[in-house]
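Here is the structure we will look at, set down as structure tokens.
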2 protein chains.
Amino acid sequence: MTAAARREVIETAATEVFAERGYPGAAIDEIARRSGVTPPVVYDHFASKRDLYRRLLERHFAELREVWRRHLPGDDPPRERFARSIDAWFAYIESHPFAGLMLFREASGDPDVDAMHAEVAARSRAAILPLFAAEPGAEGLAGSVIGEGLEMAWVVLRGVLQGLAIWWTDHPGVPREQVVATAMNSLWFGFERVTEGEGWVPLD
Amino acid sequence: MTAAARREVIETAATEVFAERGYPGAAIDEIARRSGVTPPVVYDHFASKRDLYRRLLERHFAELREVWRRHLPGDDPPRERFARSIDAWFAYIESHPFAGLMLFREASGDPDVDAMHAEVAARSRAAILPLFAAEPGAEGLAGSVIGEGLEMAWVVLRGVLQGLAIWWTDHPGVPREQVVATAMNSLWFGFERVTEGEGWVPLD
DNA sequence: CCCTTACCTAACGGATACTAGGTTAGCCAG
DNA sequence: CTGGCTAACCTAGTATCCGTTAGGTAAGGG
């Protein structure tokens, strides 16, 4: 097998194993075995386990980032663009279930690896948030009663999508439209309400 | 130190280490060191690393379950009870930040441990979901256009709370009311809309 | 004075990231 | 055809870490 093809096979296998076992639980031995190869071959392509992991993080986060960049901006009504983005997002998860699982595994056990994960994830956030900030009415979000408005909205968005994505991989029979509908129903009312300036639920 | 006190110290230290490093990354050595003790002492109190982990899962999940059980049922308007429950939930996270982090770490790397985690978490879900199902209008949720209605609502709820909880531990300066307000604003509109029979966002 | 209790030192065994060095198979110059 | 070079892959380790255990010490109470 050519080096490039082997490298691709290893990356696919490694994504699976990292998703299933997490960073410390993923053994190079098993990654190699699933790639039809012995461990030293992995080191012909990647300098270390960390290097391999970083490479996969960069790749999958970039692909997911691209989903937002391609579907969110536009001239259609916000709700349609938002719905399409979420649909495309789950379509990516559907075709790359292990990539999603790997990205959403929060903590690895290795502080350096955690820092790496946080750094790459922060780059994604920095790329995607401006797309939302460009929406009309977004200043309502940013300046709302909630101090860290945009940032916390991001946390909520991420929490819902991530939770549904993980749940979905355990319930593969559920059609994508249902998952997308749940995400929309959970997220849309809040965004709509704020961007239209109707304000927030008051705190008693 | 008495055995009971030492055991408590070890449980606290272990919760911290599991939260910071995840199951495979947590070393008995470090748990022991933070407990002011050597590793064999840990084994005087717990049969194994897995046993210690299970014990902590049971304990913290039970405490969080109790929060819902105490605050959600009642005769006040649903929104107030829901808001109070969420406030109490984040109050628990505030006083037990490591417990929250430990519970929300999805995957451990060890299949047996993952199964254990899933089992205890499922017990919590089974205890809390009926509280929501008892709400007037909940049949709208369960029988909605979304097939697995209640279950997916649970996933969303959990996703939002978990995301905010993790974010909050990284931003300790943010007052609890702001986090609670964000959670309410993210979750309440959807629930309200469905339980009042106003239906869902249609899918285009 | 002994026995229990809390804790220790020292080590074993297994797993794991990573490496040194060799083997095979195809390709290409002569 | 042939000899040698390269590229893909291998066997066989090494060093380290980690869960766990065996067996012992020391202090305090009865």
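Since we're looking at a predicted model, the values are computed, not measured. So that the names make sense, note that chain A is the first sequence line, chain B the second, and so on, each numbered from 1.
- Running 5' to 3' along DNA chain C, contacts with non-hydrogen atoms of chain B at under 4.0 Å begin and end at C:dA6 to C:dT9.
- Taking atom OH on A:Y43 and atom P on D:dA7, their separation rounds to 22 Å, with Å as the unit.
- The side-chain heavy atoms of B:H96 and B:M102, taken from C-beta on, include no pair separated by under 4.5 Å.
- Taking all atoms of both residues into account, the shortest heavy-atom contact from A:E20 to B:D114 is O-OD2, 4.3 Å.
- Environment of CZ in B:R70: sparse, with no more than 12 heavy atoms of neighbouring residues, nucleotides or ligands closer than 6.0 Å.
- In this structure, A:P40 reaches the bases: a heavy-atom distance under 4.0 Å links it to at least one base atom across the strands shown.
- Looking at heavy-atom distances under 4.0 Å, A:A26 makes contact with sugar-phosphate atoms alone, never a base.
- To the nearest angstrom, P of D:dC18 lies 18 Å from CZ of B:R50.
- The phosphate of D:dC9 (OP1 or OP2) has a side-chain N or O of A:R6 nearer than 4.0 angstrom.
- Summarising the geometry, atom CZ belonging to A:R7 is positioned 12.5 Å from atom OG belonging to A:S35; distances are rounded to the nearest 0.5 Å.
- Here A:T38 reaches the OP1 or OP2 of D:dC10: one of its side-chain N or O atoms lies under 4.0 Å away.
- Using cut-offs of 30° and 60° for the angle between ring planes, the A:W188 and A:F82 rings count as tilted.
- When the P atom of D:dG19 is taken as reference, atom CG of B:D51 falls 14 Å away, rounded to whole Å.
- For the residue pair B:E94 and B:W168, no side-chain donor N or O sits within less than 3.5 Å of a side-chain acceptor on the partner.
- Whole-Å rounding puts the B:D29 CG to D:dT16 P distance at 16 Å.
- As a whole-Å value, the separation of A:D44 CG from D:dC10 C1' is 10 Å.
- Comparing B:V37 and A:A27 against DNA chain C, the residue whose closest nucleotide sits nearer the 5' end is B:V37.
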